[in-house]
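See structure below.
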Amino acid sequence: MTMTLRSWTMALGLLTAGAASAVDYAGTNVGAIPDNDPQGRTINFNTTGFQGPLQHVRLSINLTHTFVGDLRVTLNAPGGAARLVILAKAGYKRLSSPGASANLSGFYVFDDTLGGDLWATLAPLSTSQTIPPGAYRTSTAGASGISDVGGCSTHLDLAFGGLSSAQAGGNWTLNVVDTAPNDTGTVNSATLTLEAAPSIFASGFETVTNGPATAASAEAGTCKKAFFDYTGDGRSDFATVRNTGGGPNGQITWTILESTGAGSGATVILPHGLAGDFFVDGDYDGDGINDLAVWRSSEGMLYVRRSSRPADVNLLIPHGQLGDNPNTAGDYDGDGVTDATVYRAGAVAGAASSFLIRLSSTGQIRTLVAGENGAFPTGGLDLNGDNKADIAVQSNAGGGAARFRQFDGTSGFNFLDANFGTPTDVIIAGNHAGNLRGDITVTRGIMGSINWNTREAITGTAQATVIFGNSATDFSLTGDYDGDGLDDYAVWRPSTTPGASKFIIRRSTNTATPLEVPAGLSGDYPVAASRNN
């Protein structure tokens, strides 16, 4: 089974006709939250009889608790059909935790269409102060000591929207966990509001009821999301894929090793995709966790195994055609959701090329003309500091030099035109130089070694060349494996010796000692190489 384009419009909250129906469900089993107990308190909502498909979700909680940073609150649909963290370790960041000690007392409403910024609200408050009751957006969990991923707005309606009557009707649970000792609290009441989709849908994307979300809390600095982060902790994970089905259309199996910043943690093995598919990075359901996604060129279709709905059918996003390049996906509309993107080269030499971006907030296609046949694309990073993804192309400037042109991902304005590197360099997407914008990073093989060259985005200063990796064997990678907000120079080295294939990371937090993580087999492919062009 697959989720169709028609269902996708429901999941995005797009409608044009018919009366929607909202129903309130009172929670049962409210009461004191067990102190420092991983089981927490589970509140139940009996939604039996709800007539879907589900379009809009609102959660209202009347609770008290000192030290909001202790809490982890998660909403689960019946049978685990979908899930979303409402808040967790609020206020915690990599190097500090200002604001996490503020208190909760009163009614708090979580709704995509109403909410304010919880992290920005709590940041200036002290232990004795209370976060004002009111409406807030759900947000990604903080990760003190790990990364600055916390505070990014997430989407209730993308996590749960489109659930059928059978999936949405039953026992919803709200798990409220106190993760630390001493501070305590109580859930006095809770209400879950489910709104059904209207009975008549238009064939296109016309009316948006689910407007773009704030990209991140101002208190998080920027919305720090790492490429290839399948656990949501702000660190790129170690992922390889393998054809386990045999033949040109064999099933692909993913092996994901969680990054701990100093090695690997839990391992997850999942089937997703077919041999010949492109591996595409991104968070397509807006929960702050990257999804397993592949693009099938023969169908012009993106297949997404959503992290918020791991047991559900694939989300299918139609986009692109045979011959397109799908590896420039990013958040081009600033709603916290990755937009499916393809680069389409001009039909003949010298003809204009285009980036086609399917905006998650509207479903519309944004076309940006950039480059020409023969140019190489890169994109998905914020290159000009507006917290939205931008695009760039690399072309031959003549005389052995490469020309990079960077374009605003919203307007297509060409804000940078500079020579850097050579036309045969491989583009590595990322932010390696240490500012708040993506930079230009390229690799080339010289005398058996990989030479990494980075042009810092704001001043244009070329960084010192980093020599790291074996050009004859290694795959160059994109990713932030230590969670400091900067991408690391990294490679994956396959080996025919069992157990010898490994990721090798030159961490920006410890450039002197490379981190080595055994993973994969010779013949596998490291997913973090898929953004290279």
Side-chain angles (χ1 to χ4, degrees), residues 27 30-38 40-41 43 58-75 84-112 114-154 156 174-191 213-224 232-234 287-288 336 483 485:
V30 297
I33 304 166
D35 188 34
N36 193 27
D37 183 341
R41 175 169 289 279
I43 297 157
R58 176 184 299 170
L59 176 66
S60 305
I61 315 173
N62 181 353
L63 80 161
T64 60
H65 198 285
T66 53
F67 212 103
V68 64
D70 284 2
L71 291 183
R72 182 178 186 89
V73 182
T74 307
L75 181 64
L84 184 70
V85 171
I86 305 301
L87 64 91
K89 297 190 81 66
Y92 280 92
K93 294 186 288 184
R94 181 171 178 268
L95 299 178
S96 62
S97 58
S101 61
N103 307 316
L104 292 164
S105 181
F107 280 95
Y108 298 90
V109 178
F110 296 92
D111 187 305
D112 288 355
L114 299 176
D117 186 334
L118 179 68
W119 278 51
T121 302
L122 68 85
L125 304 179
S126 67
T127 303
S128 61
Q129 294 178 296
T130 297
I131 300 169
Y136 295 94
R137 290 297 304 266
T138 54
S139 56
T140 53
S144 182
I146 295 176
S147 74
D148 287 337
V149 69
C152 302
S153 294
T154 55
L156 278 163
L174 182 70
N175 187 228
V176 183
V177 176
D178 184 331
T179 65
N182 300 322
D183 290 274
T184 59
T186 301
V187 178
N188 301 301
S189 66
T191 301
T214 302
S217 169
E219 298 306 318
T222 59
C223 192
K224 300 250 177 98
D233 63 1
D287 66 348

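These figures come from a predicted structure and were not determined experimentally.
- Listed by chain and number, the residues in a side chain to side chain donor-acceptor pair (under 3.5 Å) with T138 are T154 (sequence neighbours excluded).
- Between V73 and N175, every side-chain heavy-atom pair lies at or beyond the 4.5 Å cut-off.
- For the pair L63 and F107, the minimum side-chain heavy-atom distance is 4.5 Å or more.
- Not counting sequence neighbours, the partners of D287 by the side chain to side chain donor-acceptor pair (under 3.5 Å) test are S307.
- When side chains are defined from C-beta on, V30 does not count as touching N188, because their heavy atoms never get closer than 4.5 Å.
- The residues R137 and D112 are annotated as salt-bridged, a charged nitrogen and a carboxylate oxygen being separated by less than 4.0 angstrom.
- The side-chain contact (heavy atoms from CB on, under 4.5 Å) test with V68 singles out one residue from L104, L125, L118, and that residue is L104.
- The shortest heavy-atom contact between G91 and L122 is CA-CD1, 3.9 Å.
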Test side chain to side chain contact (heavy atoms under 4.5 Å, CB included) on V176 and I43 and set out the steps. CA-CA 8 Å; V176 183; I43 297 157; 4.3 Å; yes
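- When atom types are taken as modelled, the side chain of N62 and the backbone of S189 share no donor-acceptor pair closer than 3.5 angstrom.
- A donor and an acceptor atom, one from each side chain of T127 and S101, are located under 3.5 Å apart.
- The shortest distance between side-chain heavy atoms of I131 and Y136 falls below 4.5 Å.
- Pairing each heavy atom of V85 with each of R72, the nearest pair is CG2-NH2, 3.5 Å.
- With sequence neighbours excluded, no residue forms a side chain to side chain donor-acceptor pair (under 3.5 Å) with T179.
- Residues satisfying the side-chain contact (heavy atoms from CB on, under 4.5 Å) test with D183, not counting sequence neighbours, are H65, T66, F67, D70.
- Listed for the T140 side chain is a donor-acceptor partner under 3.5 Å among the backbone atoms of C152.
- Between the side chain of R94 and the backbone N or O of A143, no donor-acceptor pair lies under 3.5 Å.
- The two residues W119 and K93 come nearest to each other via the heavy atoms CZ3-CG, 4.0 Å.
- Closest heavy-atom contact between P132 and Y108: O-CE2, 3.5 Å.
- To the nearest 0.5 Å, atom CG of residue L75 and atom CG of residue L156 are 7.0 Å apart.
- Contact detail for S147 and G234: the closest heavy-atom pair is OG-CA, 3.4 Å.
- Taking 4.5 Å as the limit, every side-chain heavy atom of S105 sits out of range of all side-chain heavy atoms of N103.
- Here the side chains of L174 and L59 are in contact, with some heavy-atom distance below 4.5 Å.
- Inter-residue side-chain proximity for I146 and Y92 is flagged as unmet; no heavy-atom pair is nearer than 4.5 Å.
- Considering only residues two or more places apart in sequence or on other chains, D111 meets the salt bridge (charged side-chain N to carboxylate O under 4.0 Å, His left out) condition with R58.
- Summarising the geometry of D178 relative to P34, their closest heavy-atom pair is CB-O, 3.3 Å, with the distance given to 0.1 Å.
- Under the side chain to side chain donor-acceptor pair (under 3.5 Å) criterion, S126 pairs with S128, Q129, sequence neighbours left out.
- Distance CD1/I33 to CG/N36: 13.0 Å, rounded to 0.5 Å.
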